[in-house]
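Note that the coordinates shown come from a computational prediction; the quantities given were computed from them, not determined experimentally. Lettering follows sequence order; numbering is per chain, from 1.
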Amino acid sequence: MDPAPVGTRRQRAGEASPATDAAGTGAPAGAWGVAVGLRDHWAGEVTGDLVGRPVHLAGWVDTVRRHGEHLVFVDLRDRSGLVQCVLDTGTELRSEYVVAVSGTVRRRPAGTENERLATGAVEVAVDAVDVLSEAAPPPFPVRGAVEADEVTRLTYRYVDLRRERLQRNLRLRARVVSALRQAMEQQGFTEVETPLLWTPTPEGAREFAVPSRLQRGSFYVLPQSPQIAKQLLMVAGVDRYFQIARCLRDEDLRADRQFEFTQLDVEASFVTQDEVLGFVSEAVRQAAVAATGTAAPPIERLTWSEALDRYGTDKPDLRFGMPLVDLSGIFAGTSVGALSAPVVKAICLEGGAGLGRSRLDGLVARAKALGARGLAWFRVLAAETDERDAGAERTGAGGAHADGAGPGASRRLDSPLARHLSGPETAGILEATGASVGDLVLVVADEHQLACSVLGQLRLDLGRPPVGNGPPRYVWVVDFPLFEGRDEEGRLVAAHHPFTMPHPEDLELLATAPERVRSQSYDLVLNGWELGSGSIRIHRADIQERVFDALGIPPAEAAERFGFLTGAFRYGAPPHGGFAVGVDRLVAILAGEENIREVIAFPKTQSGGDPMTGAPKPLAARALAELGLAGRVRRPDTAGTGED
RNA sequence: GGACCUGUGGUGCAGCUAGGAGUGCACGCCGGCCUGUCAAGCCGGAGGUCGCGGGUUCAAAUCCCGUCAGGUCCGCCA
């Protein structure tokens, strides 16, 4: 017997990096551990060097190919892959039966090898089969790439998880989490667990409430993040903290949002912003290497205002171009009403001149739905070739000519607006956008924020590649503003959270022009997904008071809501800052998945349900009474009349 | 709170624009044949409230209204 094939295989493969195995199971070679119990080998590792050896295998029946009573092929599957077993007696094996087999490995007869299978050179001549469990036909195929309806998949999640895709994702996730943990430990961080039963912090995301049985009428909440706890750990002198932390937010679900999600939560004392970014960069880099086996690219850096100006968003997808171009100067004194606005911005869609009128109307509608006053479009056509230009005459649109200063032939603009443009305006559009014949220029004239965000969204609509496509582009977005807009009562709203340290150069603006104050906060963005965010925190009472003041939070209210944090700061708070990385999103992108459900073992539907368990469910009256909630039940027949 | 897409034997689709008997394809399932297959093959068979409710019509999977479920997005996510 060979009790420890793992080490020898790893050595033979000579792989320093965790490249995936030949069976395509998504696991590092030799990662299955020692086979024990009913098995002494893994199905996916039955290869040529075992020829002549007896093996015991256990797993699921993948396929049965029956050639009469005396020749039956059974593919036996376990997490490591499959191997063909040959039986010479008729048996009652069916797909997904759970079996243990014993037999002898032998080379397949010449000409019957299967090159698509890692174990395809050999087969197991079976002398005993033990059916451990019979199985009903699965509700959807376990093998293959066809996806069943979402409810069906979630109702039978244990079957769905048996499939190759999710098995691979679960293992990739485990490797990523392990790499993150190792990277943080290597950098001197201490893993600390923080409470799940926390206290309400009325600000930020909606929280899940947990009724207290011992103190009826009072509630814990589940933490939307360990933010305050980790700052208290800094006051406690932990100095470098991290946690693979579950966070819970009672907000509407999306492709990249579940109620509960996992963060790599990090906080460190006596550090600069760049040092925090360095710690996180190293962790993410190691995670990417663990997941893909290839080196992650360096993380780029943009300021928040650069990101907004060039990509119309604070989470730019840098995998493709189509940057926003500023035309405000060109249209500063325009006579065209539709283009008269504080800010005029444009994007250029390569080859977009061929879009038909209905398609363009759709874009205009989309822009309006996003809040813009309107959307101007200009087809870029070759000058003096009107008759051959698609749609130019049919739409009855006027054409404005300009001798292109840019590359290629002279160009003109085709658009209902084109004949209203002055010569310099036409030339300005062509020059600023660098548009070529056949392109489409889209222009939004509006307030700065709106013009940017609308074009940023259109840029994504028109140009964004699928999630896993192309080399990943990591980018730090830094210098976020401290505040973003105002609430209904005209009070400033914290962009990150109220403990974020203002940029040192902008401290004086707090009282005079708070909207212009930058903060020491930063986001990590991967392929247009916000992977996480962080900041340097305020540790000085005087600065904190000035920020609370700017936020319109009176001292008494601040003490009531955050007293246990500011109180702790009185006893010696080190300067500190941190970050949190969204693990589900990171894993999803590394796995090439569009939805984080595919990297979570038991996710919920968009309406927050679990079709498998039926959760959420009503609680029995007795349970409600014990929690002090009985009086608050709203029965359908009394809805709207009960107390609220 | 809102917008859009989807819902047809166990699974994935087509059928709907232009109403005419539950019509079709692939997989799976059940049975038979079959000693080298590997998504085995060949033959036969079973399996359906066309998500649900209402309306229009001589007639509805198909058109209309409502509703439920799933998905994508806006709002929301300090």
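Base engagement by A:Glu123 is indicated by at least one non-hydrogen atom pair under 4.0 Å involving a base atom. Among the atoms of the strands shown, base atoms are found under 4.0 Å from some heavy atom of A:Thr112. Here A:Thr201 lies out of heavy-atom contact (under 4.0 Å) with every strand. A:Arg143 comes within contact range of the sugar-phosphate backbone alone, with a heavy-atom separation under 4.0 Å but no base atom that close. Nucleic acid contact class of A:Arg116 (heavy atoms, under 4.0 Å, all strands): sugar-phosphate only. Within the nucleic acid shown, A:Asp250 has no heavy atom closer than 4.0 Å to any nucleic acid atom. Among the heavy atoms of the strands lying under 4.0 Å from A:Glu150 are primed sugar atoms or P, OP1, OP2 only; no base atom is included. Nucleic acid contact class of A:Pro139 (heavy atoms, under 4.0 Å, all strands): sugar-phosphate only. A:Arg106 comes within contact range of at least one nucleobase, with a heavy-atom separation under 4.0 Å. In this structure, A:Gln457 reaches neither bases nor backbone, as no heavy-atom distance under 4.0 Å exists between it and the strands shown. Residue contacts for A:Arg597: at a heavy-atom cut-off of 4.0 Å it reaches the sugar-phosphate backbone alone, with no base atom in range. Within the nucleic acid shown, A:Ser607 comes within 4.0 Å of sugar-phosphate atoms alone, with no base atom in reach, counting heavy atoms only.
Rounded to whole Å, the separation between the P atoms of B:G20 and B:C50 comes to 16 Å. Separation of the C1' atoms belonging to B:G47 and B:G66 is 32 Å when rounded to the nearest angstrom. The gap from the P atom of B:A3 to that of B:C65 amounts to 13 Å, rounded to the nearest Å.
Distance A:Asp314 CG to B:C77 P: 14 Å, rounded to the nearest Å. The nearest whole Å value for the distance from the CG atom in A:Asn595 to the P atom in B:G71 is 8 Å. At whole-Å resolution of the value, CZ in A:Arg366 and P in B:G2 are 19 Å apart. Straight-line distance from the CG atom of A:Asp160 to the C1' atom of B:G70: 15 Å, rounded to whole Å.
Between the side chain of A:Glu69 and the base of B:U35, no donor-acceptor pair of N or O atoms lies under 3.5 Å. Donor-acceptor pairing under 3.5 Å, judged by distance alone, is absent between the side chain of A:Glu113 and the base of B:G36. Within 3.5 Å, no donor on the side chain of A:Arg94 pairs with an acceptor on the base of B:C30, nor the reverse. Between the side chain of A:Arg107 and the base of B:G36 there is no donor-acceptor pair of N/O atoms closer than 3.5 Å. Evaluation of atom-type donor-acceptor distances gives no pair under 3.5 Å for the side chain of A:Arg66 against the base of B:U35. Put simply, the side chain of A:Asp252 and the base of B:G75 share a donor and an acceptor less than 3.5 Å apart.
Of the nucleotides present, B:G10 is the one that pairs with B:C27 by Watson-Crick or G-U wobble criteria, both distances under 3.5 Å. Under the Watson-Crick and G-U wobble criteria, each requiring two contacts below 3.5 Å, nucleotide B:C42 is paired to B:G32. Under the Watson-Crick or G-U wobble criterion, with both distances below 3.5 Å, B:C63 is paired with B:G55. With a cut-off of 3.5 Å on both pairing distances, B:G75 has no Watson-Crick or G-U wobble partner at all. Across all strands shown, B:A18 remains unpaired; no Watson-Crick or G-U wobble contact has both distances below 3.5 Å.
With a 6.0 Å cutoff to the six-membered ring centre and a 45° limit on the axis angle, A:Arg162 does not count as a cation-pi contact of A:Tyr156.
Side-chain atoms of A:Glu593 and A:Asn169 include a donor-acceptor pair closer than 3.5 Å. No hydrogens or angles considered: a donor-acceptor pair under 3.5 Å links the side chains of A:Tyr241 and A:Asp265. Residues A:Thr194 and A:Gln243 bring a donor and an acceptor atom of their side chains to less than 3.5 Å of each other.
For B:A40, the OP1/OP2 oxygens have a side-chain nitrogen or oxygen of A:Thr63 closer than 4.0 Å. For B:G36, the OP1/OP2 oxygens have no side-chain nitrogen or oxygen of A:Asn114 closer than 4.0 Å. For B:A40, one of the phosphate oxygens OP1 or OP2 lies less than 4.0 angstrom from a side-chain nitrogen or oxygen of A:Arg65.
For the pairing with A:His576, the side chain to side chain donor-acceptor pair (under 3.5 Å) check across A:His539, A:Gln231, A:Arg537 returns one residue only, A:Gln231.
With contacts defined as side-chain heavy-atom distances shorter than 4.5 Å, the pair A:Ser521/A:His497 does not qualify. The closest side-chain heavy-atom distance from A:Asp250 to A:Phe259 is below 4.5 Å.
Of the candidate nucleotides B:C29, B:G12, B:G36, B:G12 has the atom lying nearest to any side-chain atom of A:Val146. Distance from the side chain of A:Gln606 is smallest to B:U72 among B:C76, B:U72, B:U35. You'll find that the side chain of A:Arg257 is closest to B:G75, out of B:U72, B:G75, B:C38.
Remark: ring of A:His67 does not overlap the six-membered base ring of B:G36 in a stacked fashion, as centroids less than 5.5 Å apart with planes less than 30° apart are not both met.
In this structure, the side chain of A:Arg585 does not engage the main chain of A:Leu526 through any donor-acceptor pair within 3.5 Å.
The residue among A:Gly68 and A:Phe140 whose nearest nucleotide of RNA chain B is located toward the 5' end is A:Phe140.
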